[in-house]
Amino acid sequence: LGSVEPGVKVGSELAKDETDHHCSAKLGQGQNYTVKDLRKAQEADALLMAVTKLMHDENEKLDGFPRSLKKRAKHFFKGRKNRLYENSQGILCCKRKPSEKKLYRNDLIILPQLYQSEVIRKNHNDHGHQGIDKVAKRTKERFEWPGLYDTIAKWIATCNNCQEAKCPPKKTNYRLKPITSYRFNE
């Protein structure tokens, strides 16, 4: 996908299989996805569908989409309109900012909602339950999607391990009882 070279596994984790020349994605533990799967998921994602319509016609009214979805799509598109494109395989991608090109050679794949939780789980749970910023940074090495930061924040806010570590169980405070003394210095 994008600029993935044959036989090279990249970040979270798209690789091209040299033997049959099919591109596949490995997002989780033992689960493989093809470019076709990713393309279908992008086409089925309503938010990405709205972003794609905006790519083709910036003045698109987005009739038929809920107001909140229109707002999110326009906001995402506005910040990236010169960098969004569909690669030769029909995958919606985003070119990196010039400052990021020195660090990363591949463009970002716009990940549909279907695969977002799997990528977050891998980047959060499998890397020691790190915080929002570190998980977002690791995710943005390869992927992008509308509301990425908020999605990660919600995931971490509902992570049982993180919440238990953050707020240990409250100690029970027992009622104080007066100490009565019958003799001096007792």
Side-chain angles (χ1 to χ4, degrees), residues 1-6 8-17 21-28 31-123 132-133 135-155:
L1 298 176
S3 57
V4 178
E5 296 176 13
V8 176
K9 292 204 178 196
V10 181
S12 293
E13 321 242 9
L14 298 183
K16 197 165 188 177
D17 186 350
H21 301 290
H22 286 97
C23 204
S24 65
K26 189 168 186 173
L27 299 175
Q31 297 167 331
N32 288 308
Y33 301 97
T34 64
V35 172
K36 186 177 179 182
D37 295 335
L38 181 58
R39 188 173 44 248
K40 280 185 179 180
Q42 281 185 342
E43 291 168 356
D45 191 303
L47 185 55
L48 297 186
M49 191 184 310
V51 170
T52 304
K53 284 187 176 210
L54 288 170
M55 277 177 48
H56 296 298
D57 181 11
E58 201 172 324
N59 298 319
E60 176 74 37
K61 299 282 186 217
L62 299 177
D63 293 332
F65 289 99
R67 186 180 309 164
S68 62
L69 192 135
K70 286 182 199 178
K71 186 177 177 182
R72 287 180 62 204
K74 287 180 180 179
H75 180 54
F76 182 77
F77 177 74
K78 183 180 176 186
R80 295 161 187 82
K81 68 180 171 183
N82 296 328
R83 298 185 295 131
L84 289 172
Y85 71 97
E86 282 187 2
N87 69 8
S88 61
Q89 296 164 322
I91 303 298
L92 184 60
C93 298
C94 183
K95 293 179 186 172
R96 292 194 181 271
K97 296 176 185 174
S99 60
E100 296 175 334
K101 286 187 178 184
K102 293 177 184 174
L103 297 173
Y104 308 104
R105 73 167 190 239
N106 295 324
D107 288 343
L108 300 168
I109 295 169
I110 309 299
L111 201 64
Q113 190 173 4
L114 180 65
Y115 300 133
Q116 291 172 7
S117 60
E118 194 170 343
V119 169
I120 295 171
R121 180 192 50 74
K122 182 169 179 49
N123 288 331
I132 298 167
D133 293 329
V135 174
K137 184 180 179 195
R138 188 175 297 110
T139 303
K140 287 185 112 183
E141 289 175 4
R142 190 66 185 130
F143 301 108
E144 172 81 274
W145 65 80
L148 179 136
Y149 197 86
D150 293 336
T151 308
I152 292 171
K154 285 177 187 174
W155 178 276

Apply salt bridge (Lys or Arg N to Asp or Glu O under 4.0 Å) to residues E144 and R80 and explain how you reach the verdict.
CA-CA 11 Å; E144 172 81 274; R80 295 161 187 82; 3.3 Å; yes
Between atom [atom1] of [X] and atom [atom2] of [Y], what is the distance when rounded to the nearest 0.5 Å?
X: Q89; Y: L38; atom1: CD; atom2: CG; result: 9.5 Å
X: I152; Y: I120; atom1: CD1; atom2: CD1; result: 5.0 Å
X: L148; Y: L111; atom1: CG; atom2: CG; result: 9.0 Å
X: E60; Y: F77; atom1: CD; atom2: CZ; result: 11.0 Å
X: K53; Y: K70; atom1: NZ; atom2: NZ; result: 11.0 Å

Can you confirm whether F76 sits close enough to L84 that some side-chain heavy atom of one is under 4.5 Å from a side-chain heavy atom of the other?
yes
Single hit among L47, L48, T139 for side-chain contact (heavy atoms from CB on, under 4.5 Å) with W145:
T139
D107 backbone acceptor or donor facing R142 side chain under 3.5 Å:
yes
Examine distances only and state if a side-chain atom of R96 and a backbone atom of L108 form a donor-acceptor pair shorter than 3.5 Å.
no
Taking everything shown except K95 itself, do over 12 heavy atoms lie less than 6.0 Å from its NZ?
no
Other residues, nucleotides, ligands: >12 heavy atoms within 6.0 Å of Q113 CD:
no
E86 vs M55, test: side chain to side chain contact (heavy atoms under 4.5 Å, CB included). Steps then yes/no.
CA-CA 9 Å; E86 282 187 2; M55 277 177 48; 4.3 Å; yes
For a side chain to side chain contact (heavy atoms under 4.5 Å, CB included) check, start with the C-alpha distance between D133 and Y149, then their side-chain angles and the critical distance, and finish with the verdict.
CA-CA 8 Å; D133 293 329; Y149 197 86; 2.7 Å; yes
